[in-house]
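Below you'll find the structure, written out as structure tokens, and then a few comments.
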Number of protein chains: 2
Amino acid sequence: MTVAERGPRERMVFSAAQLIRRDGVAATGMREVAAHAGAPRGSLQHYFPGGKEQLVNEAVDWAGRYAGRRVARFLAALPEPTPSGLFAEMVRQWTDEYETAGFARGCPVAAATVDCAESTASTREAAAAAFATWTEPVARALVDLGVPKERAGALATLMISAVEGAILLARAQQDVGPLTTVARELGPLLDAAVTRDD
Amino acid sequence: MTVAERGPRERMVFSAAQLIRRDGVAATGMREVAAHAGAPRGSLQHYFPGGKEQLVNEAVDWAGRYAGRRVARFLAALPEPTPSGLFAEMVRQWTDEYETAGFARGCPVAAATVDCAESTASTREAAAAAFATWTEPVARALVDLGVPKERAGALATLMISAVEGAILLARAQQDVGPLTTVARELGPLLDAAVTRDD
DNA sequence: CACTGGCTATGACAGCGGTCATAGTAGTGC
DNA sequence: GCACTACTATGACCGCTGTCATAGCCAGTG
């Protein structure tokens, strides 16, 4: 989880995402991002001539792609994949982090939405795109698992809404309870949507 | 929705909540709050000697109590109250706002959590308390509607998680779809938890 | 050698943030 | 009239922010 090896540009985007999901967009300074990435301050204006807005948008973008990629991994890791199993894995990613690293960090896309939805149109659009690139693989996975196409999109939206909300509650009360609760309560509903047994 | 009549102190707390849920905590200035409340700047340090932290905490507190109070109203407004009906009302509060006033504003408690959970302990606790004072009436309502006590708390947590997450998605993509989706998909699950038919 | 282009390194600037200090006003009780 | 309290009104301060400007380094290339 420390700074990866990649190039400085990618490191800065990654660091921005980490700091944003911890402190929010407004409280995250450009200098702080550079320092966290171990990158020179001068590189900021070189790689991100669009300024903070561009950096934030790329961080949100990166987070969306990351979340989307995870879905395939979760499916591959499950011995016998089911909708509830997928959802449990999505939730477990967060309970694991909170139990091992503490409740310092939330979802960067949520932070960007809260802080910029009204003030910065391009960031709001980036957040919407990020949610979309996260929802889409989930919906597709549900279809693969036997959920009717008409229903898959709605359930994917429900899953992501529940996870995002549970992250907020869990962070606020510093307890993974809300996360495990939504996983437990939503599991049966998700599995019941499967109309074909493989 | 404009500035109410109350005293200047309460107006400032209210204005703080409104600005926070629009722009986030960090981006909301004290001077801005005073101006929005039509209150003199000097009153800030008089009523809130604890500074911004105190003001934000009281705004979060106020939001929690407001949300809690709404629950009773929703129940009273329903011709024949059911868990799904209550949830639909909770969601409708947001779809109504978004359809009439646009997607400028989100939940102030969510904003406080995202912006202050790591940086300001007292605000994180205020957010946790706010979520609690919101969850508790919902859980109690579920019990009244026939949901077993052991299950009511979990379902209340699920409801609030889903609403909070759906608010994020809806704001990001400027579409009430996620809100209506979670209401539709979660309704049957909630009603199915009723074990007694009144 | 010179020259170019990618990247680094600082310094300066203007703006805004929360907070403190101080002075002023309004109203009330005596 | 006076004194006291509640509240208002400004102005100043310092720290931090994002951004710009400028100069330096240091390959590669011809």
Side-chain angles (χ1 to χ4, degrees), chain A residues 3-20 22-60 108 111-112 114-116 118-123 126, chain B residues 3-20 22-60 108 111-112 114-116 118-123 126:
Chain A
V3 174
E5 274 313 311
R6 322 290 161 68
R9 204 199 126 96
E10 191 171 346
R11 287 209 315 272
M12 284 191 279
V13 173
F14 178 81
S15 289
Q18 298 301 320
L19 294 175
I20 286 170
R22 191 187 66 186
D23 299 318
V25 172
T28 297
M30 299 283 274
R31 292 166 172 82
E32 193 185 358
V33 170
H36 183 273
R41 206 177 55 130
S43 298
L44 281 170
Q45 73 180 283
H46 184 255
Y47 289 114
F48 306 96
K52 186 176 188 177
E53 187 172 334
Q54 180 185 358
L55 177 59
V56 170
N57 292 356
E58 293 201 21
V60 170
V114 163
D115 280 351
C116 307
E118 181 58 14
S119 61
T120 316
S122 71
T123 302
Chain B
V3 175
E5 274 313 312
R6 322 289 160 70
R9 205 198 125 97
E10 190 171 346
R11 286 209 317 271
M12 284 190 276
V13 172
F14 177 82
S15 289
Q18 297 303 318
L19 294 174
I20 285 170
R22 190 187 65 187
D23 298 320
V25 173
T28 297
M30 298 283 275
R31 292 167 172 81
E32 194 184 359
V33 171
H36 183 273
R41 213 188 75 189
S43 299
L44 281 170
Q45 72 179 285
H46 183 255
Y47 290 114
F48 307 95
K52 186 176 189 179
E53 188 172 334
Q54 180 185 357
L55 177 58
V56 170
N57 292 357
E58 294 202 23
V60 169
V114 162
D115 279 350
C116 306
E118 180 58 13
S119 61
T120 316
S122 71
T123 303

Fill in the blank from the handout: Considering only heavy side-chain atoms of B:Met30, the closest of C:dT19, C:dA9, D:dT19 is C:dT19
Fill in the blank from the handout: When rounded to whole Å, the CZ to P distance for the pair B:Phe48 and D:dC7 reads 12 Å
Practice task
Classify the side chain of A:Arg41 versus the base of D:dG18 as yes if they form a donor-acceptor pair under 3.5 Å and no if they do not.
Solution key: no
Handout entry: 5' precedence on DNA chain C between A:Tyr47 and B:Arg31 (nearest-nucleotide basis)
Key = A:Tyr47
Exercise for the section: Say whether B:Glu53 and B:Thr120, considering side chains only, have a donor N or O and an acceptor N or O under 3.5 Å apart. Expected result: no
Practice task
Rounded to the nearest angstrom, tell me the gap between atom CZ in B:Arg9 and atom C1' in D:dA6.
Solution key: 14 Å
Problem - First encountered from the 5' end of DNA chain D, between A:Gly42 and A:Gly29 - result: A:Gly29
Practice task
Grab the CG-P distance between B:Leu55 and C:dG18 for me, whole Å please.
Solution key: 10 Å
Exercise for the section: When you get a sec, tell me which of C:dT10, D:dA9, D:dG18 is the closest nucleotide to the side chain of A:Gln45? Expected result: C:dT10
Problem - No-hydrogen, no-angle side-chain donor-acceptor test under 3.5 Å, B:Asn57 and B:Thr123 - result: yes
Problem - A:Ile20 CD1 to D:dT17 P, straight-line distance once rounded to whole Å - result: 14 Å
Handout entry: Nearest atoms (heavy-atom pairs only) where B:Leu44 meets B:Met30
Key = CD1-O, 3.4 Å
Practice task
Round to the nearest Å and state the distance from B:Asp23 atom CG to C:dC16 atom P.
Solution key: 15 Å
Practice task
Could you check which of D:dT10, D:dG18, C:dC7 has an atom nearest any side-chain atom of A:His46?
Solution key: C:dC7
Handout entry: Nearest heavy-atom neighbours spanning A:Met12 and A:Leu55
Key = O-CD1, 4.1 Å
